[in-house]
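Below: one structure, written as structure tokens.
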Amino acid sequence: MRLLSWRKANRLTCVKPKCRICYSSTFTFPAISQHQIPSQNFHTPRKELSKLLHKRPPKSQLKQIHAQILIQQHSSTASLVNSLIHCYLHIKEVTSARLLFLQYPLPSPPILIWNVMIRAYCKLQNSSESFSLFRHLLNLDHLTIRVLPDVYTFTFIVTSCAHQRSVVQGRIVHVLVVRSGLESNLFVGNSLINMYAVFKITDDAYKVFDRMSERDVFSWTSLVCGYANNGEMYQACEVFYKMPVRNDVSWAVIVSGFSGNGKYMEVLLCLNEMFCSIEDKVRPNEAVLVCALSACANLGALEQGNWIHTYIKRNGIHESSNISTALIDMYAKCGRIDIARLIFNRIPRPDVHNFTSMISGLSYHGLGEHALTVFNRMLDENVNPNEVTIIGVLNACSHSGLVEEGSSIFNNMENLWGLEPQIEHYGCYVDLLGRAGYLEKALEVVKSMHIKPDIVIWRALLSACRIHRNIFLGNGIIDFIKQLNSDGPSGSEVLLSNLYASLGNWEKVSELRKAMGQRKTQSDIGCSWIEVNGVVHEFRVADKLHPQILEVLDKLNELWIVLS
DNA sequence: ATAGGGTTAG
């Protein structure tokens, strides 16, 4: 019986088909192992099999078609094997595709099949497998089988190089590309620019870009991305504004470049510009909106954040996990933990990121107990925490004095969730112990660390010494730090001078301050922002630049009197 | 006998 005709017949008569090896989305078939080998009359013609494979059937049906091909001894028909490989790759069964590839009939599979296999591993970020295939392909030449890599092969291989940790393989492949004369090809060139962009080698990215005979929006966007990744935002902008055509991704690249380089004001300016731009008929996509919300969060720009939220709602933009995470984070960091909770509570099945931003939000509002409640709900719902979640939870415990809970989470993170404590976790834990007054225990933890303690850890420990006025331990730590970083970051000097100040050793303070002034190590001074009526006001330590600084100081005095 | 495969942001 023909495969397609029974479907029609079946619909009319509602009788189960007699042939059990066929393809239909309306019926499920018994597993292949239960099949008897069907007699010759039930066979599906090759043409039909090929047509069926063309539809990229789901797994169960694909297996049956595959069985039919084997039974009818079509397994050396290249076109059918090709289609099978395509189908297996379509349902992401790379191993089955690889098996077919290995048993490929002819002296070698055609280049197309090599390419789809390499692409599959490239997509899975499994670059070692795609390299292994590529090497085999190059070696065929020695066996006098001439299947040569083409434009497609090189685009996938170069993309695999971009997934590697080092650029070495990429450079070698680049040489092969040049030798094949394909460097100026649009697709190969684009993937080379992207590769150099990933490795932040902007000079080489530009060289490839410059040599290309034809460029499209991908070439330009990848180049901008390279500059942005490398922190060269000036060049990134220059290239961005030279672009003949910009799409939503181009805007996302420049916006996330500003965001990644801490230029939050520029992120919002860019968003505004995007709305005003007439030539690019683009709307902000999810990436742009997420970056903009995170910029608002970092600036404390509640009104702008609110505006973006309204924009999302009015334009029916899907509140994806990324968007809702960014909204929770923004409202929490802008002081509206109530709205953050509302948004969180409306999410039907929150994921790790949603939970994490809610927990961290509650933690910086000092709502440690609530944060732990949310954390427990997360565990109840079988959502596994990640490293960032644990940081939030530990911070929550630290600011609410929940020493026991925090310690138990820190000490069990590895065996419960397979998360190895990182330096940040030690920082939180030391802070937790230190704030609660367990100074000796905190120092013990620092000494037992398998990672070299950084400035954050020492700061946590020293500020604990300051809170609990433990001059003896503080001095000991200062000596220890001096031994460690003779040429440490400028932050440690500020830290030291603050501690000396709190210990009342003013001679040491002025000595340190002088040394710092001479070396001009004032680059990363703390800074605060607040948004009032849509205007962001910025303050630094001892700042006198604000136009209303006198009124601010008056108010501060007033508060000071009330509080003391 | 034929078609079938492509690069960018978070």
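Worth saying up front: this structure is predicted, and the values here are computed from it rather than measured. Below, chain A is the first sequence line, B the second, and so on; all start at residue 1.
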Can you tell me how far P of B/dA9 sits from CD1 of A/Ile254, to the nearest Å?
14 Å
A/Leu112, nearest nucleotide to its side chain (from B/dG10, B/dG4, B/dT8)
B/dG4
Need one value for A/Cys291: base, sugar-phosphate or nothing, where a base atom within 4.0 Å counts as base even if backbone is also close, heavy atoms only.
nothing
Any idea how A/Trp307 and A/Tyr311 line up, ring-wise: parallel (<30°), tilted (30 to 60°), or perpendicular (>60°)?
parallel
Between B/dA3, B/dG10, B/dG4, which nucleotide has the shortest distance from any of its atoms to the side chain of A/Ala287?
B/dG10
Whole-Å distance separating the CG atom of A/Leu223 from the P atom of B/dT8
15 Å
Looking for any heavy atom pair under 4.0 Å, which part of the strands does A/Ser83 touch: base, sugar-phosphate only, or nothing?
base
Over all strands shown, is A/Asn285 touching base, sugar-phosphate only, or nothing at heavy-atom distances under 4.0 angstrom?
base
Distance, rounded to the nearest Å, where A/Asn261 contributes CG and B/dG10 contributes C1'
15 Å
Look at all strands and tell whether A/Asn229 reaches a base, only sugar-phosphate, or nothing, counting heavy atoms closer than 4.0 Å.
nothing
Taking only the side-chain heavy atoms of A/Phe187 (C-beta and beyond), determine which of B/dT8, B/dA1, B/dG6 contains the nearest atom.
B/dG6
Is a side-chain N or O of A/Ser256 found less than 3.5 angstrom from the main chain of A/Ser259, in a donor-acceptor match?
no
Does B/dT7 have OP1 or OP2 under 4.0 Å away from a side-chain N or O of A/Asn194?
no
Which part of the nucleic acid, if any, lies within reach of A/Val217 when heavy atoms closer than 4.0 Å are counted: base, sugar-phosphate only, or nothing?
nothing
Going by an N to O cut-off under 4.0 Å, is there a salt bridge joining A/Arg341 and A/Asp338?
no
Using ring-ring contact (aromatic ring centres under 6.0 Å, His included) as the criterion, list what pairs up with A/Phe209, not counting sequence neighbours.
A/Trp220
May I have the distance from A/His54 (atom NE2) to B/dA3 (atom P), rounded to whole angstrom?
10 Å
When the distance from NZ of A/Lys47 to P of B/dT2 is rounded to whole Å, what number comes out?
14 Å
